[in-house]
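See structure below.
Computation of the quantities below employed the complete heavy-atom set of this structure, encompassing side-chain atoms and omitting hydrogens, waters and symmetry-equivalent molecules.
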Amino acid sequence: MNNKSRIVFLVCSLFFSLNGQAQFSSKSRSEDFALLQKYNDTLQAKIPTLTYGGEIREYLQDYTNLNFGQTPSSFTDPNPIQLWHRILLNSSLKLTNQFRVFGQLNSTFRFFNPNPIVSQVDQNELAIHQLFLESKISKNSMLRVGKMENFYGNDRLMANREGPNNRNTYVGGLFRTFFPKASIDVFYLHPMIQKPEFLNDEVSEESISGLYLQNWKIGKTQSLDIYGMYLQSNLREYMYQKGLEKRLTTGVRLVKPSGHWQYIFENAVQTGTFNDLTIRSFMSIWELVYTSNNKWFFAFSGTYVPGDKDPNDHYLGTFNTLFAKPPFGQTV
């Protein structure tokens with residue numbers, strides 16, 4: 001591979017949220033962080049209340065030797081310039097102190113690049129990105145049903161996938177309950193298959209369900225996540241073969257975000273079956289930071305995500321990153 005690769009990015013984003021008057025808000029596009037607060041915080045205003053907002057993003061990319069010059073035969077330009085154009089519009093209607101409806105439209109286009117469009121990444125002319133009902137079940141519990149975004153940890157297993165033009169979205173249900181020192185999610189979701197054309201996205205046959213305990217305070221500055229996620233799919237391919245995959249992912253994530261020493265340690269184990277193979281795999285993540293003041297810090301981080309070592313045994317050692325953000329650049 002002799003060609004050198006170069007990529008230049010230029011990103012411009014505008015966020016807006018309206019509720020009687022104009023204002024800027026980085027959280028308007030999808031309310032990513034609403035579930036991280038107590039449920040009452042999302043339903044404080046007067047009844048009924050309609051809020052709306054969105055995002056406009058322009059992302060210009062200039063490639064030299066795309067993919068180091070190793071491109072499919074269908075690609076006609078190895079040095080493309082492309083513009084990712086994205087509009088997200090959202091609206092939230094609160095009907096009572098216990099119930100609201102949230103909706104979001106997505107429109108993305110790719111311009112200038114003559115190469116074939118990657119539908120899941122580049123373009124989706126118009127789609128209902130999110131549409132869910134949210135209901136307060138008890139004082140500290142809530143339920144979401146419909147089409148929604150969802151993410152956990154540092155997006156290494158389930159991610160919004162902010163980088164590409166199209167973000168991840170799922171169809172299903174999510175129940176969350178809050179405790180004084182933690183919260184627990186129980187969910188069942190199908191990922192959406194995004195397509196380039198007008199209102200033609202499909203629900204994937206893949207399903208993921210699980211339980212995620214997050215932000216469990218185990219000290220003054222430490223918190224622990226514990227999770228189990230079950231994937232059932234016939235869309236993944238290992239060793240150039242497709243088949244029925246039943247995979248259980250269990251893991252822990254220890255976080256210390258403040259002080260001179262800061263760290264994240266995460267380890268996950270996967271078991272299950274793929275066709276007639278037994279799944280045995282794991283993932284390890286470490287991020288260790290030392291800072292003496294606000295002027296400088298020292299960091300050491302890495303991610304280990306293995307593949308299969310022996311194609312002739314009865315085991316599959318490949319770790320499935322599920323619906324994570326791309327691991328390139330942070331995986332060894």
Side-chain angles (χ1 to χ4, degrees), residues 1-15 29-30 55-88 106-127 129 149 151 154-169 191-202 204 206 233 235-242 283 285 301-308 318-332:
M1 195 177 297
N2 297 321
N3 291 329
K4 294 183 179 179
S5 181
R6 178 177 62 88
I7 310 172
V8 177
F9 303 103
L10 180 62
V11 184
C12 179
S13 297
L14 171 65
F15 304 91
R29 63 175 176 262
S30 60
E55 170 196 295
I56 301 173
R57 188 186 78 164
E58 307 298 333
Y59 196 164
L60 182 64
Q61 300 173 320
D62 182 3
Y63 290 85
T64 299
N65 292 324
L66 179 66
N67 195 35
F68 296 93
Q70 306 298 311
T71 57
S73 58
S74 58
F75 280 46
T76 60
D77 187 356
N79 307 305
I81 295 176
Q82 69 178 22
L83 174 67
W84 274 346
H85 167 74
R86 180 171 76 188
I87 296 178
L88 290 168
N106 171 71
S107 179
T108 62
F109 288 87
R110 193 192 73 181
F111 299 109
F112 309 138
N113 188 346
N115 297 317
I117 287 176
V118 181
S119 60
Q120 287 283 84
V121 175
D122 291 331
Q123 181 166 304
N124 193 344
E125 293 179 4
L126 183 65
H129 186 63
E149 291 185 346
F151 67 98
N154 193 29
D155 296 347
R156 286 189 171 93
L157 292 174
M158 294 186 67
N160 283 344
R161 200 180 59 175
E162 172 58 28
N165 224 15
N166 295 323
R167 297 159 62 91
N168 278 341
T169 187
M192 293 298 300
I193 300 175
Q194 302 187 49
K195 296 188 174 182
E197 296 81 20
F198 189 87
L199 293 175
N200 67 335
D201 291 356
E202 296 180 357
S204 172
E206 290 186 308
S233 172
L235 302 179
R236 308 295 174 107
E237 184 174 320
Y238 305 97
M239 297 177 293
Y240 306 103
Q241 294 183 8
K242 287 187 177 181
M283 173 184 70
I285 297 169
S301 66
T303 304
Y304 181 75
V305 181
D308 192 65
T318 304
F319 190 90
N320 187 336
T321 54
L322 303 179
F323 307 101
K325 61 184 179 183
F328 308 113
Q330 62 181 9
T331 303
V332 293

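To the nearest 0.5 Å, the span separating CD on Gln82 from CD on Gln61 amounts to 4.5 Å. The distance from the NZ atom of Lys195 to the CD atom of Glu202 is 3.0 Å, given to the nearest 0.5 Å. Distance check: Leu60 CG to Leu83 CG gives 6.0 Å after rounding to the nearest 0.5 Å. Rounded to the nearest 0.5 Å, atoms CZ (Arg86) and OG (Ser107) are 11.5 Å apart. Asn124 contributes atom CG, which lies 10.5 Å from atom CZ of Phe198 (distance to the nearest 0.5 angstrom). Glu197 CD to Gln123 CD: the interatomic distance, rounded to the nearest 0.5 Å, is 8.0 Å.
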*Between Leu126 and Asn106, does a side chain to side chain contact (heavy atoms under 4.5 Å, CB included) hold up when you go through it step by step?*
CA-CA 6 Å; Leu126 183 65; Asn106 171 71; over 6 Å; no
*Decide side chain to side chain contact (heavy atoms under 4.5 Å, CB included) for Leu66 and Phe75; before the verdict, give the C-alpha distance in whole Å, the side-chain angles of both, and the deciding distance to 0.1 Å.*
CA-CA 10 Å; Leu66 179 66; Phe75 280 46; 3.9 Å; yes
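Partners of Asn165 by side-chain hydrogen bond (donor to acceptor under 3.5 Å, both in side chains), not counting sequence neighbours, listed by chain and number: Arg57. Taking Ser233 as the reference, Glu206, Leu231, Leu235, Arg236 meet the side-chain contact (heavy atoms from CB on, under 4.5 Å) condition, with sequence neighbours excluded.
Within a 6.0 Å sphere centred on CD of Glu58, other residues, nucleotides and ligands contribute more than 12 heavy atoms.
Under the 3.5 Å distance criterion, with hydrogens and angles disregarded, no donor-acceptor pair is assigned to the side chains of Asp77 and Tyr63.
Between the side chain of Thr169 and the backbone N or O of His129, at least one donor-acceptor pair lies under 3.5 Å. Listed for the Asn113 side chain is a donor-acceptor partner under 3.5 Å among the backbone atoms of Asn115.
Relative ring orientation between Tyr59 and Trp84 is described as perpendicular, the plane-to-plane angle rising above 60° on a 0-90° scale split at 30° and 60°.
The two residues Leu157 and Met283 come nearest to each other via the heavy atoms CD2-CE, 4.4 Å. For the residue pair Ala324 and Ala159, the shortest heavy atom distance occurs at C-CB, 3.9 Å.
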